[in-house]
**Q** 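Right, I'll just put the structure down here and ask away after.
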There are 2 protein chains.
Amino acid sequence: MSKTYSISELASEFDVTTRSIRFYEDQELLHPARRGQTRIYSSKDRVRLKLTLRGKRLGLSLAEIRELFELWDETRSGSEKQLHLMLSKITERRAALEQQMKDITMVQLELESAEIRCRQALEELHEKHNDEERAKTPSSAP
Amino acid sequence: MSKTYSISELASEFDVTTRSIRFYEDQELLHPARRGQTRIYSSKDRVRLKLTLRGKRLGLSLAEIRELFELWDETRSGSEKQLHLMLSKITERRAALEQQMKDITMVQLELESAEIRCRQALEELHEKHNDEERAKTPSSAP
DNA sequence: AAACAAGTTGACGTTAACGTAAAGATATCA
DNA sequence: TGATATCTTTACGTTAACGTCAACTTGTTT
């Protein structure tokens with residue numbers, strides 16, 4: 001069969017705690033199988049975890065991420081009304097992502113200009129330093 | 001003098017509560033002036049609020065946003081050590097933004113394919129519907 | 001003067017997303 | 001067989017980011 005993972009394997013691979021992974025299951029983001037009592041994660045579960053963390057990095061709440069998962073799952077089985085609802089949810093999300101892209105671009109510009117300011121301030125400090133050095137030893141170049 | 005704003009003006013312009021704005025001040029993200037007891041916001045304060053909300057949309061915590069503000073402010077007055085620290089912080093942030101860009105691109109692709117699946121499912125539903133209609137009235141085209 | 005609007009400071013309540021500690025099951029190794 | 005490691009559930013604690021009163025001041029309108 002295809003590969004499976006233990007909870008601590010996934011935890012160390014993605015650098016999260018096992019507590020978090022169990023919590024995500026509690027919030028119905030993951031549905032691992034069980035052997036006896038212990039959880040067995042399929043590669044599909046692994047993908048879900050990866051998507052979950054990606055969503056978190058974008059500032060989505062676990063509830064929002066769960067909503068997206070449910071949308072994806074129900075894409076196969078939904079009624080017409082369901083499908084239209086999904087489309088509008090998808091459109092909504094895509095608009096939010098567009099906004100985020102713009103935000104990122106803006107912040108990138110700001111950081112860039114901050115970096116330039118920083119480098120200029122450093123240069124000025126060094127020039128001052130050199131001036132003082134020249135004042136001490138006012139010899140011409142060797 | 002340049003324009004000033006009341007707390008409720010800013011609140012309605014950016015669609016946040018006055019409670020939030022006061023909380024941001026408490027976290028030292030804003031430093032409005034006072035006339036007697038009431039807060040007077042300058043256009044610089046307004047920009048800060050806008051930047052704060054932009055940061056939030058990117059998933060930054062208020063503490064992180066404050067850090068960025070402090071970096072920006074100290075760019076003028078920092079010592080050499082400070083300036084290097086700032087540069088590394090800036091670099092760090094820019095890397096995070098790069099990662100976010102990638103994440104957004106991935107999620108956009110996923111949403112796109114979900115949308116396609118959705119539309120196909122809808123088409124199939126409609127074809128079925130048409131088939132059933134044709135079964136009821138099996139006349140050829142008019 | 002009375003009443004209204006807009007602002008203020010506490011102070012406590014709430015929710016999300018875990019952290020942390022306790023106590024027990026299960027498997028493996030020496 | 002006992003020690004060790006890895007898992008489990010249960011449950012209470014914590015932090016961030018506000019919401020929600022309550023009680024008060026200050027200016028404005030009638």
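Chain A is the first sequence line, chain B the second, and so forth, proteins listed ahead of strands; every chain is numbered from 1.
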**Q** Within this structure, what is the CZ-to-C1' distance between Arg35(B) and dG27(D), rounded to whole angstrom?
**A**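 To the nearest whole Å, that distance equals 10 Å.
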**Q** First locate atom CD1 of Ile65(B), then atom CG of Leu60(B), and finally report the distance between them rounded to the nearest 0.5 Å.
**A**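 Answer rounded to 0.5 Å: 5.0 Å.
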**Q** Using whole Å, what does the distance between atom P of nucleotide dA17(C) and atom CD of Glu25(A) come to?
**A**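 That distance rounds to 16 Å.
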**Q** Given atom CG of Asp26(B) and atom P of dA16(D), what is their separation to the nearest angstrom?
**A**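 To the nearest whole Å, that distance equals 12 Å.
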**Q** Identify whether the distance between the nearest side-chain nitrogen and carboxylate oxygen of Lys50(B) and Glu110(A) falls below 4.0 Å.
**A**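 Between Glu110(A) and Lys50(B) there is no salt bridge, as every charged N stays at least 4.0 Å from the carboxylate O atoms.
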**Q** Just verifying a value: how many Å separate Arg19(B) CZ and Tyr24(B) OH, rounded to the nearest 0.5 Å?
**A**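 Rounded to the nearest 0.5 Å, the CZ-OH separation comes out at 10.5 Å.
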**Q** Which of residues 48-58 of chain A have a heavy atom under 4.0 Å from DNA chain C?
**A**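 Those residues are Lys56(A).
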**Q** List for me each residue that meets side-chain contact (heavy atoms from CB on, under 4.5 Å) alongside Arg66(A), sequence neighbours excluded, and say none if there are none.
**A**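 Here the qualifying residues are Glu28(A), Leu29(A), Glu70(A).
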**Q** Please check if atom CZ in Arg76(B) has more than 12 non-hydrogen atoms from other residues, nucleotides or ligands closer than 6.0 Å.
**A**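 No, CZ of Arg76(B) has 12 or fewer neighbouring heavy atoms, counting only those of other groups under 6.0 Å.
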**Q** Return the value, rounded to whole Å, for the distance between atom CD1 of Ile21(B) and atom C1' of dT8(C).
**A**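 To the nearest whole Å, that distance equals 14 Å.
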**Q** Centre of Trp72(A)'s six-membered ring, under 6.0 Å away, within 45 degrees of the axis: is that where NZ or CZ of Arg117(B) sits?
**A**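 Checked: cation-pi criterion met.
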**Q** Taking 4.0 Å as the cut-off, does a side-chain nitrogen or oxygen of Thr17(B) come that near to OP1 or OP2 on dC18(D)?
**A**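 So the side-chain polar atoms of Thr17(B) never come under 4.0 Å of the phosphate oxygens OP1 or OP2 of dC18(D).
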**Q** If I take atom CG in residue Asp15(A) and atom P in nucleotide dC18(C), what distance separates them, rounded to the nearest angstrom?
**A**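 Distance, rounded to whole Å: 13 Å.
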**Q** Is it true that atom CG of Asp15(A) has more than 12 heavy atoms of other residues, nucleotides or ligands lying nearer than 6.0 Å?
**A**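 Not more than 12 within 6.0 Å, no.
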**Q** Side chains of Leu51(B) and Met106(A), heavy atoms from C-beta outward: is any pair under 4.5 Å?
**A**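 Heavy-atom side-chain distance check fails, nothing below 4.5 Å.
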**Q** Between Leu62(B) and Arg19(B), which has a closest nucleotide on DNA chain D that is more 5'?
**A**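 Nearer the 5' end of the strand: Leu62(B).
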**Q** Gln27(A) has an atom CD; how far is it from atom P of dA16(C), in whole Å?
**A**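 So the CD-P distance, Gln27(A) to dA16(C), works out to 8 Å.
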**Q** So, is Tyr24(B) near the phosphate of dC18(D), with a side-chain N or O under 4.0 Å from OP1 or OP2?
**A**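 Indeed, a polar side-chain atom of Tyr24(B) lies that close.
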**Q** Hydrogens and angles aside, do Thr17(B) and Ser20(B) bring a side-chain donor and acceptor to less than 3.5 Å of each other?
**A**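 Result is yes, a qualifying pair exists.
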**Q** Please write out each protein N/O paired with an N/O of nucleotides 5-8 of chain D under 3.5 Å, distance rounded to 0.1 Å.
**A**
residue, atom, partner, partner atom, Å
dC7(D), OP1, Ser6(A), OG, 3.3
dC7(D), OP1, Ser8(A), OG, 2.7
dC7(D), OP2, Ser8(A), OG, 2.8
dT8(D), OP1, Arg39(A), N, 2.6
dT8(D), OP1, Arg39(A), NE, 2.8
dT8(D), OP2, Arg22(A), NE, 3.1
dT8(D), OP2, Arg22(A), NH2, 2.9

**Q** Rounded to whole Å, how long is the line connecting atom CZ of Phe23(A) with atom P of dG13(D)?
**A**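 It works out to 17 Å between those atoms.
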